[in-house]
Amino acid sequence: MEFEPVIGLEIHAQLNTESKIFSGASTRYGAEANTQACAVDLGFPGVLPVLNEAVLEKAIRLGLALNATVVRDSVFARKNYFYPDLPKGYQISQYDRPIVEHGTLRITLADGSQRDIGVTRAHLEEDAGKSVHEGFGGMTGIDLNRAGTPLLEIVSEPELYSAAEAVAYMRAMHTLVRYLGISDGNMQEGSFRCDANVSVKPKGSTTLGTRAEIKNINSFRFVERAIEYEIDRQIDVITSGGKVVQETRLYDAERDETRSMRGKEDAHDYRYFPDPDLPTVIISDALFARVEAEMPELPEARKVRFIEALGLSEETAQELAFDRARADYFETVVAGCDNPRVAANWVTVELMGRLNKE
C-alpha cells in the first residue's frame with residue numbers, strides 16, 4: 001500500500017516588543033535567570049494584567065499581510081495546565097475568538113511552482129518559562145525570564161504534503177514576520193519555532209490518519225528531518241499491523257529521531273474559559289486605519305515591481321525582494337546609479353559575496 005503524509009504547522013513567533021504582553025517587565029534576551037519576571041508574570045495574588053498595545057498592532061499587521069479576517073472584538077482565555085515553568089498554573093491565550101482568522105500564505109517550491117496555503121488562525125498568547133536540564137546534577141532548573149513574553153501562534157491548515165513543503169511554508173512565514181518588523185525571527189534564541197502535526201493516510205483516501213505533534217523545533221533543517229523521520233515511523237507502525245497513537249513527541253537532533261513525550265491533549269483537557277481579568281479587545285476604526293496605512297510593500301508585490309518596472313529577472317528579483325534590508329539598500333543604490341541591472345548585480349554578487357566572506 002502506498003501512503004501520503006498530511007502536515008500542519010503551528011508556528012510560534014515571538015513579537016519584538018520591549019516589554020511583555022501583560023506587564024512592563026523587559027523582554028531582553030540573555031539576562032541572568034529569573035531577573036526579568038515581575039509579579040504580574042508570576043501571577044501573584046492581587047495583580048492584574050494589562051494588554052500591551054504594541055502587541056495588538058503587530059497582530060493586526062500580520063492579519064493584513066495574510067489577507068485574513070482581523071477580528072475586531074477578540075477575547076483572551078485561560079488555558080489551564082500544570083508544568084513547572086508555568087508559574088500561574090494557566091497560560092493567557094486566545095481560544096474561540098482569536099485576533100486573526102482565515103488567511104493565506106503563498107509558498108514557492110524547489111521547482112519554482114507556487115501554492116497558497118491556508119492559515120486557519122493566529123492568536124495572541126503569553127510564553128511560558130523555560131526548563132533548564134543541563135548543569136543541575138540530574139535535576140531541572142526553572143528560568144522564568146521568558147514567562148509573559150508576547151507570542152503569535154500561527155496555525156496552518158493541514159495542506160502541506162511533504163517535509164519540503166512544510167519547510168517552504170515555514171521559510172515564507174519567517175520571511176514575512178521579519179519583513180513586517182513584528183519579530184526578529186531569531187531561531188537560535190527561540191524567537192521563531194514550530195510544532196509540526198504529522199499524519200499519514202493511504203494514497204487517495206479522504207480520511208485523515210491519526211496525527212502526532214512534534215514540539216518546539218527551531219531550525220528549518222530539523223523541521224525537515226523530524227517530519228521525514230515521523231512519516232517513515234508512522235508508515236512502519238501501520239504496515240507492521242500497529243496503530244498510530246495521538247501523542248506529543250520530541251525531536252532528538254543527535255539521534256535524528258522523534259520520541260514520545262506525552263499523550264496529546266485535546267482542547268477540553270485545558271478547560272478554557274474567558275480570562276476574568278481581561279476585557280474583550282476592541283480594535284477601533286482609527287487604530288485599524290493607522291496600522292493599515294503603515295503597512296510596508298510586501299515581498300511578493302515588491303518582487304513583481306522589480307521585474308516589471310526595473311527589468312530584473314525573476315530569480316534576481318526574488319533574491320533582492322525577500323530580504324527587507326537588502327531590498328531597501330538595493331533601491332537606494334538604484335536611485336544613486338540609475339541602472340537597475342548594474343545595481344542588482346553589485347548587490348547580489350559583489351556585496352553579498354563580501355558579506356559572506358567576512
(request) Would you kindly confirm whether Ile99 and Val75 end up in one hydrophobic cluster when ILVMFWY residues are joined by side chain heavy atoms under 4.5 Å apart? (result)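 No: no chain of side-chain contacts under 4.5 Å links Ile99 to Val75.
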(message) If hydrophobic clusters are built by linking Ile, Leu, Val, Met, Phe, Trp and Tyr wherever their side-chain heavy atoms come under 4.5 Å apart, do Val334 and Ile307 end up in the same one?
(response)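 No: no chain of side-chain contacts under 4.5 Å links Val334 to Ile307.
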(request) List for me each residue that meets ring pair (Phe, Tyr, Trp, His ring centres under 6.0 Å) alongside Phe222, sequence neighbours excluded, and say none if there are none. (result)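 Per chain and number, Phe222 pairs via ring pair (Phe, Tyr, Trp, His ring centres under 6.0 Å) with Tyr251.
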[X] (side chain) donor-acceptor with [Y] (main chain) under 3.5 angstrom:
{"X": "Asn218", "Y": "Arg193", "result": "no"}
{"X": "Asp252", "Y": "Thr258", "result": "no"}
{"X": "Gln94", "Y": "His123", "result": "no"}

(message) Using the salt bridge (charged side-chain N to carboxylate O under 4.0 Å, His left out) criterion, which residues pair with Glu308? Sequence neighbours excluded.
(response)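 Counting only residues at least two positions away or on another chain, Glu308 forms no salt bridge (charged side-chain N to carboxylate O under 4.0 Å, His left out).
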(message) Ser191 and side chain to side chain donor-acceptor pair (under 3.5 Å): which single residue from Thr149, Asp184, Asn16 fits?
(response)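 Result for side chain to side chain donor-acceptor pair (under 3.5 Å) with Ser191: Asp184.
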Assess, by modelled atom type and distance only, whether the side chains of [X] and [Y] contain a donor and an acceptor separated by less than 3.5 Å.
{"X": "Tyr229", "Y": "Arg249", "value": "no"}
{"X": "Gln14", "Y": "Ser183", "value": "no"}
{"X": "Gln234", "Y": "Glu230", "value": "yes"}
{"X": "Thr348", "Y": "Glu319", "value": "no"}

[Y] and [X], any side-chain heavy atoms less than 4.5 Å apart:
{"X": "Leu9", "Y": "Ile154", "value": "no"}
{"X": "Pro158", "Y": "Asn197", "value": "no"}
{"X": "Asp143", "Y": "Asn34", "value": "yes"}
{"X": "Thr140", "Y": "Pro84", "value": "no"}
{"X": "Tyr169", "Y": "Ile7", "value": "no"}
{"X": "Asp328", "Y": "Arg302", "value": "yes"}
{"X": "Leu51", "Y": "Ile21", "value": "yes"}
{"X": "Phe192", "Y": "Arg178", "value": "no"}

(request) Give the minimum heavy-atom separation between Ile142 and Asp85, together with the two atoms involved. (result)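 Reported closest heavy-atom pair: CG2-CA, 4.0 Å.
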(message) Run the side chain to side chain donor-acceptor pair (under 3.5 Å) test on Tyr161 and Arg115 for me, step by step, so that the C-alpha distance in whole Å, both residues' side-chain angles and the decisive distance to 0.1 Å come before the verdict.
(response) CA-CA 12 Å; Tyr161 303 117; Arg115 285 185 59 216; 4.8 Å; no
(request) Name all pairs fulfilling the ring-ring contact (aromatic ring centres under 6.0 Å, His included) condition that reach into residues 320-358, sequence neighbours left out, sorted by first residue then second. (result)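 Found Phe306-Phe330.
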(request) Please determine if Glu314 and Lys303 form a salt bridge, counting it only when a charged side-chain N lies under 4.0 Å from a carboxylate O. (result)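 Here Glu314 pairs with Lys303 in a salt bridge, since their nearest N and O are under 4.0 Å apart.
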(request) Hey, could you give me the CD/CG distance between Gln91 and Asn80, rounded to the nearest 0.5 Å? (result)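 It comes to 10.5 Å.
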